[in-house]
Amino acid sequence: MDGLRSGGGPLMRTWATSGMARLDAGLLRMASRKHRLIGIALLRIVIGLATVMYCLADYGNRRFLWGPDSYNSIETAKAALSHGSFSLYLFSHSTVWFEIVFHLTILVSAVYMVYGGRALTLVQAILMWSLHNRNQDVLEGGDNLVQILVIFMVFTVSNAYLAPGAKRRRARFSEQTGPSVPTVLHNLAAYLIVFQTAVLYFAAGYWKITGKMWQDGVAMYYVSRLTGFQMWPAYAHLMSNAYVTTAVSYFTIFTELALPFAILSARGWVRKANTLALEGMHLGIMAFMGLVCFGLLMIGADCTCLRDEDYRALKSRATSLASRLARRVRPAALPGPSPAHEPAVSVLATQGSGADA
């Protein structure tokens, strides 16, 4: 026992030293290099696109839904706001003011989708909050999550990819050798976005697994019977199959509960498989239930769960697959003259010209 006690002290000190060294290396890495730049850029594009689609989908009914003379009056909308919430649409009863704010929302969202940047993110957040808070009856879902994520995005670099001047920005980042405050803010905000997304999915999966219909595997059957969310009649017919609806119900629970663990996994294929499964689920929601903006926003949040190296690996694999398919599809080249025969042909041609002379 005395030997164990005497050996325990150095062992514990070794573990503590190793743990502190890893913590220091992690903090230095977080302060010196920006992470998840590709996922944040994709989220920026999705937020801008979803907001534009949300406005244009009911453009002809905009005054009825969000205008000063809407069925949901300004006074009713103000009463429905939670403490600290606001909406630019509620500042005035003027139709001109409404038209200016509404069309400014479309314009800013389109520009934000292309250019990004912190200043545009802040303007986008204000206009998007205002639109959502004007009439909460027509929201599809996903708005609560994106209202939180866009706050964090103000502190991130959202235009390091898929934006004009992106390569120049990345070159500037690569020249940075030491820790910096903007890098710390970006990484902290990016990890908070991922954390918020993971908590949302885990909570959704937990509440599903405690529900009787989800436990029995029949939840998707009843969802397919909601006539207000049915884009394709074959969807209800498909979910009438007991095996299909059970598999889809359990698949949904599994992928949602697994996301936090997949994010923390050191294996890239686990993160990619789980994220792609979630995005496939939301593509199905968009196609079968018609919740397009909701599906887009959730896919945008899913994109932040992959690391930059995950996207590079996916791009490399897609490029390799495309080249293999191109080689198979490309017709075989016609056989040409052998290089060994070319001198003989030229000699014959020379002799023939001499005989003619």
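For Tyr115, the OH atom is loosely surrounded, since the number of other residues' heavy atoms within 6.0 Å does not exceed 12.
Between Tyr201 and Met298, the shortest heavy-atom distance links the atoms OH-CE, 3.5 Å. Across all their heavy atoms, Arg271 and Ser265 have their closest contact at NH1-O, 2.6 Å. Heavy-atom minimum distance, Leu145 versus Ala301: CD2-CB, 3.9 Å. The shortest non-hydrogen separation linking Cys55 to Ile106 is CB-CG1, 3.6 Å.
A ring-ring contact (aromatic ring centres under 6.0 Å, His included) with His103 holds for exactly one of Trp97, Tyr59, Trp66; it is Tyr59.
For the pair Thr245/Met220, a side-chain contact is recorded, criterion being any heavy-atom separation below 4.5 Å from C-beta on. Side-chain contact between Trp214 and Thr252: present, with at least one pair of heavy atoms (C-beta onward) separated by less than 4.5 Å. Looking at heavy atoms from C-beta onward, Cys303 lies in side-chain contact with Glu279 at the 4.5 angstrom threshold. Using a 4.5 Å heavy-atom threshold, the side chains of Arg62 and Phe98 count as touching. The side-chain heavy atoms of Asn72 and Gln136, taken from C-beta on, include no pair separated by under 4.5 Å. Counting heavy atoms from C-beta on, the side chains of Leu259 and Thr255 never come closer than 4.5 Å. A 4.5 Å side-chain heavy-atom check between Tyr235 and Val223 finds at least one atom pair inside the cut-off. Using a 4.5 Å cut-off on side-chain heavy atoms (C-beta onward), Met153 and Gln124 make no contact.
Note that Arg170 lies in the cation-pi zone of Tyr161, set by a 6.0 Å cut-off to the ring centre and a 45° limit from the axis.
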- Report the C-alpha separation of Ile45 and Tyr112 in whole Å, then their side-chain angles, then the decisive distance to 0.1 Å, and conclude whether the side-chain contact (heavy atoms from CB on, under 4.5 Å) test is met. CA-CA 8 Å; Ile45 294 172; Tyr112 176 67; over 6 Å; no

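For Ser32 and Gln176, the side-chain atoms include no donor-acceptor pair closer than 3.5 Å. Donor-acceptor pairing under 3.5 Å is lacking for the side chains of Asn135 and Tyr89. Side-chain contact check for Arg324 and Ser320: at least one donor-acceptor pair (N or O, by modelled atom type) lies under 3.5 Å.
Distance CZ/Arg169 to CG/Asn159: 3.5 Å, rounded to 0.5 Å.
Grouping the Ile, Leu, Val, Met, Phe, Trp and Tyr side chains by contacts below 4.5 angstrom, directly or via other members, places Phe261 apart from Phe195.
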